[in-house]
Every structure is written in C-alpha cells, then in structure tokens.
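What follows is a set of notes on a single structure, which appears directly below.
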Amino acid sequence: MAKLIEPRVLKGFRDFLPEQEAERLRIMGLLAETFGAHGFVPIDTPILEYTEILLGKGGGETDKQIYRFEDQGGRDVAMRYDLTVPFARYMAAHLHELYLPFRRFHMAKAFRGENTQRGRYREFVQCDFDIVGTDAASADFEIVTMIDAAFAAMGVNDARIHFAHRGVFNALLSALEVDSGTDEVLRVVDKLRKIGGQAVREELEGLIGAQAGERVIALVSLEGTNAQIVERMRELVPTAGEALARIEAVVAAALELGLGGRLVLDPSITRGLDYYTGIVFETFLTGLPEIGSVCSGGRYDDLAGLYTKERLPGVGASIGLDRLMAALAEIGVPSPGGGAADALVLCLDESLLAHYHLIARTLREAGLRVEVYPDPKKLAAQFAFAEKKGIPAAVICGPQERSAQAVNVRDLRSRSSTDGVPLAGAAEVIRDLLETGAG
RNA sequence: GUGGAUGUAGUUCAAUCGGUAGAGCGCCAGAUUGUGGGUCUGGUUGUUGCGGGUUCAAGUCCCGUCAUCCACCCCA
C-alpha cells in the first residue's frame, strides 16, 4: 500500500468545520446587508497580482511578509496582503467606468507570511469598506456610523471606536520642528496603551529630545470627554485648526445621532501606516482589548497615486473578521447558531425512497429546509445524526403512515411525537415546533 | 524573522528517579429489530506531534523539525 500523505495544513492557515464556516458566512451576510443599506456596492479583485503592484506602497515590513513567487509564465507575482492596495489599482484601472464618490465593500482573504498568534493568521479575511472621491467630513462620519452599524448588526455591543486625526499630530511635530523620523514617533506613540507613559517618554527622548517629547506626551495622554479633549488639543496645538474643525464636526454628528458614548476621541491612536493623512480609527472590544483592534482605518488624501495621476482622496476601514471571531468566541458572545436544516425525513424502509423525497419536497414548498436520511438505520442512530447536526425535527413515515397519507412528527429536543399528521398539515406542525423551541 | 512556553486516546487530563502508557467524559455492542437523554453488562480508544540520538530500557534526557500559544516587531 502506498504511504499515506499526512493531511496537514500550513502554519497560520486553517480548515473550517461546517459550524464555523456557517457562522462566518452568517456574519459576512450581516455585514453585506449593513454595507448595502448604506449604498456600498460589492467588488472583488484577484488574489494574485504582479509583484510591482503590491510593493512600493506598503513599506519595508509588509514587503518582507509578502508571499511572492514566479508563475508558470515567468512572471513575478505576489499574493495580496491586504485589500486596500489592490483596490487602489482597481480604481486606477476602472475610474472611467465608475462614478464618484465611489462606495465599495470587499470581503475577501488576504495573506501575510508573518508569525502567528491568537487571532493572527497568515490567511485571514478582511472586510473593507471605503468612500473614494470626496474629502468631506460627511464621509469621515459615515465610516464611523458604518463601523457602529456593522458591530450592532453582529450583536456586538461591546465595541468602542477610538479615533484621532493625523493633522493634529503633524501640526504639533512641525511646530516642534521635528521633520525627520516622524514615522518612528508615530509608532512609539501608538504603543502608549501597551507599554505605558514612562516607556514612551524614554523612547521619545531618544528620538526628538526631552522637551519635544514632553509636548508629544501631553497631547497623546489627554483624557476626558470628547469635547474636553478637543479644547485641550486646541491649547496644545493652536496651529491644527483645520484638523480640529474636522474632529469637532465628527464629534458633533456622533452626539446628534446618539453614538457619542461609543466614539472615543483618543489622541494616542496614530496608526503606523504612513499613507493615512486625516482621521484614523481603531476599534476595540472592551471585553478583550489585548487582542488588538478589530476594525481599523482612516483617511488618505491620495489612494491611487502610484497608478494614476488622478487624485483620489478617500476614507475607509477594515474589519478583521478572523480576529473578531476569535475574540467573540473567547468573550462568549452567543451566535444564534441554528441547525443545518429544519427537519430530517427519516428512512424506515428503503423501498419508500421516492415517498421520502416527495415528503421533503412538500415541506420545502412550504418554506422549510429539509434533509432526507438515505440509509434505513436504527431510528436511534438517525435521531443521533439529527441531533449532532442540530436538526430539531424528525419526520417519520413507514408503510402504515404511507397508506394513511400521514407522517409522525417528532420534536428531537423535547423527544415528543405527534403521530398521524396528514402530510398537507405537517409543515405547520413543524413550524409550530420550531417556534416553541426558539422561545 | 528573534526570544520563551507547550505538544500524551475523539476530548479534558494523569504517569514518581528513565523501568509494561492510565482515568473521567465520549464512543461501540447487547438488555430494547418503529421512537435515542436513565440503568445495567461487556467492549473500544494511542506511530506519546514527526524524525534522529544517548541508554539494557525514553512520554520522561539530548539534537533537529512541524504546529499552537506568549512577548518583540508589525498589524486585521
């Protein structure tokens, strides 16, 4: 016998069992609905791109993590490591077939060859949504409401959207006459919550000197209500008028729409990525902050500058679906679950197979999801199968019921049967059964 | 990529100084061939992640490797 190949999967890549995959599809469905309700349209792009398309924008670290190889035609190709860069190429390629402002969403897998950790995989699903072609505060705020609506749709009431504005930070740095190593400064500040104020102070001192470091710390440590923080920012960085006006507009809109409590102005949010130029977001679950941001994004003033001379400003964010689901599983946010089907037609006698499929079709026509068991196994085994698969009802029909044009309906949760139900009335009996169980 | 921890039955976990790998739960069969959650009886479960090495003898010690988790880095 040939030696068996071990059925293993690569580090950071995963198989999904039906229950997990169903849950993922369910959440993606909820997100698609939410996005659609805001006028966002779906797109897709290839997983594989010419390497030159993907490099260049990301910067050194992402370049190292990229999956790259030569294809069968000798082309230098790479797998997308996020959805934003391919989207930039997409906009440059199709600008003339589209319209502005363009709102799109894109839920798909991305790949990074970095080290794994809980909620961090090498193959992961991102759910991106962006509004391209406008600088308006309305678009910034719309992304906030979208994040809020998306988490609400998923049944997560635990999410806090932290946001800040790059402009405030840049204004402070230029007032301090820091013009080199600003990326470094951003990265250090980004770690504030993680490593603490003292560690950040020390690192900043080495980068830009003690005095400038103190001013930066003063800005990023601000706490209080959103309005209070804006006031203090105005005092600390008087030259950041435009950015502050944008922040105020978003804060005011959030207050008016009643999501003030879930939107937190947090000057320590900077985002390491250097293409952000305006507002930036990170979303945390209050029950599990250590898993990191489950939805991040921000405003960029030129999305596709590498591929077209058209200037395309935009704002968007991305939900890390795998990380989010890992977090929800850990916190224990219940998912409605729901069985694979509503009812299972049992098999008592192989010669009745056509009748079993007729019963199934009748029930399906009444709107139920029905599965037919193929083998005439012991009833106990068929019940156990249904239970394992999460099917709540069984339809039992032997020769006697068949001649009476009836079936027996069994509630697999209460283990009680309703015998002699006319076939025409079976759907209703099952529907009642489903409702009592749900309540 | 760097540093650290972990890896034993389907699952949760045990195994002393290196000395025949065990238990609960689950699973299978029967009491009960058309109605399974109870009880009883019997039974099953292992390349100890994988590959080498040391040893009379390795789950245990050593080296390598794969995977998971933690930190750094980066990020969703």
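Chain identifiers are assigned alphabetically (A, B, ...) following the order of the sequence lines, protein sequences preceding nucleic acid strands; residue numbering begins at 1 within each chain. Keep in mind that the numbers below use all heavy atoms, side chains included, and drop hydrogens, waters and symmetry copies.
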Distance test, side-chain N/O of [X] to OP1/OP2 of [N], below 4.0 Å:
X         : N      : result
Lys191(A) : C73(B) : yes
Thr116(A) : U68(B) : yes
Gln117(A) : A71(B) : yes
Arg187(A) : C74(B) : yes

Check the distance between [N]'s [atom2] and [X]'s [atom1] and give it to me in whole angstrom.
X         : N      : atom1 : atom2 : value
Phe87(A)  : A76(B) : CZ    : C1'   : 18 Å
Gln65(A)  : A76(B) : CD    : P     : 11 Å
Arg118(A) : A76(B) : CZ    : P     : 18 Å
Phe281(A) : A76(B) : CZ    : P     : 13 Å
Leu288(A) : A76(B) : CG    : P     : 18 Å
Asp15(A)  : A67(B) : CG    : C1'   : 14 Å
Met154(A) : A76(B) : CE    : C1'   : 13 Å
Glu114(A) : C70(B) : CD    : P     : 13 Å

Using the side-chain heavy atoms of Lys11(A), tell me which of these nucleotides is nearest: U68(B), U2(B), A76(B).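 Out of U68(B), U2(B), A76(B), the nucleotide with an atom closest to Lys11(A)'s side chain is U68(B).
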
Inset, instruction - Please determine, for the side chain of Arg120(A), which listed nucleotide (A76(B), U68(B), C74(B)) has the closest atom? - result: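 Looking only at side-chain atoms, Arg120(A) lies closest to C74(B).
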
Integer angstrom distance from the [atom1] of [N] to that of [M]:
N      : M      : atom1 : answer
C69(B) : C28(B) : C1'   : 35 Å
G46(B) : G22(B) : P     : 12 Å
A9(B)  : C25(B) : C1'   : 12 Å
C75(B) : A58(B) : P     : 49 Å
G4(B)  : U11(B) : P     : 29 Å
G19(B) : G36(B) : P     : 49 Å
G49(B) : U16(B) : P     : 15 Å
G10(B) : G38(B) : P     : 23 Å

How is [X] classified with respect to the nucleic acid when contacts are heavy atoms under 4.0 Å: base, sugar-phosphate, or nothing?
X         : answer
Gly297(A) : nothing
Arg8(A)   : nothing
Cys295(A) : sugar-phosphate
Gly113(A) : nothing

* Asked: Just by distance, do the side chain of Arg122(A) and the backbone of Glu114(A) share a donor-acceptor pair under 3.5 Å?
  ->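 Yes; judged by distance alone, with no hydrogens or angles, the pair exists.
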
- Query: Is a donor on one side and an acceptor on the other found under 3.5 Å between the side chain of Arg80(A) and the backbone of Glu49(A)?
  - Reply: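 Looks like no, no N/O pair under 3.5 Å.
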
Specify whether [X] and [Y] have parallel, tilted or perpendicular ring planes, treating 30° as the upper limit for parallel and 60° as the lower limit for perpendicular.
X         : Y         : result
Phe35(A)  : Phe105(A) : tilted
Phe40(A)  : Phe129(A) : perpendicular
Tyr276(A) : Tyr300(A) : tilted

Item to complete: Answer yes or no: side-chain N or O of Glu282(A) and base N or O of A76(B) forming a donor-acceptor pair under 3.5 Å.
Response: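 Flag unset: no donor-acceptor pair detected.
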
N/O donor-acceptor pair, side chain Arg323(A) with base C75(B), under 3.5 angstrom: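 Side chain to base: pair found, below 3.5 Å.
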
I'd like a list of close polar pairs between nucleotides 44-47 of chain B and the protein, N/O only, cut-off under 3.5 Å.
none

Rounded to the nearest 0.5 Å, what's the gap from [atom1] on [X] to [atom2] on [Y]? Could you check?
X         : Y         : atom1 : atom2 : value
Arg262(A) : Thr283(A) : CZ    : OG1   : 12.0 Å
Leu263(A) : His162(A) : CG    : NE2   : 9.5 Å
Asp148(A) : Phe141(A) : CG    : CZ    : 8.5 Å
Leu204(A) : Glu202(A) : CG    : CD    : 10.5 Å

Just by distance, no angles: are the side chains of Asp82(A) and Gln126(A) close enough, under 3.5 Å, to form a donor-acceptor pair?
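No, because no side-chain N or O of Asp82(A) sits under 3.5 Å from a partner of the opposite role on Gln126(A).
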
We want to know whether Asn408(A) and Ser417(A) form a side-chain donor-acceptor pair, criterion being a heavy-atom distance below 3.5 angstrom.
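Note: Asn408(A) and Ser417(A) side chains miss the donor-acceptor criterion.
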
With both distances kept under 3.5 Å, what pairs with [N], Watson-Crick or G-U wobble?
N      : answer
C40(B) : G30(B)
U35(B) : none
U55(B) : none
C13(B) : G22(B)
U65(B) : G49(B)
C75(B) : none

Check: Which residue, Phe13(A) or Gly292(A), contacts RNA chain B at a nucleotide closer to its 5' end, judged by nearest heavy atom?
Finding: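 Its nucleotide being nearer the 5' end, the pick is Phe13(A).
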
Atom pairs, N/O to N/O, protein against nucleotides 4-6 of chain B, distance under 3.5 Å?
none

Each nucleotide of nucleotides 32-42 of chain B classed B (base within 4.0 Å of a protein heavy atom), S (only sugar-phosphate) or -, in 5' to 3' order, makes --BBBB-----

Decide if atom CZ of Arg14(A) counts as having more than 12 heavy atoms of other residues, nucleotides or ligands within a radius under 6.0 Å.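 Yes, the 6.0 Å shell around CZ holds more than 12 heavy atoms from other groups.
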
Locate the shortest heavy-atom distance separating Pro374(A) from Cys347(A); write the atom from each residue and the value.
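Looks like O-SG, 3.9 Å.
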
Practice prompt. Salt-bridge test for Asp349(A) and Arg402(A): reply yes if a basic N is under 4.0 Å from a carboxylate O, no otherwise.
Written response: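 Between Arg402(A) and Asp349(A) there is no salt bridge, as every charged N stays at least 4.0 Å from the carboxylate O atoms.
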
- Item | Salt bridge Arg431(A)-Asp342(A), side-chain N to carboxylate O under 4.0 Å |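 Salt bridge between Arg431(A) and Asp342(A), a charged N being under 4.0 Å from a carboxylate O: no.
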
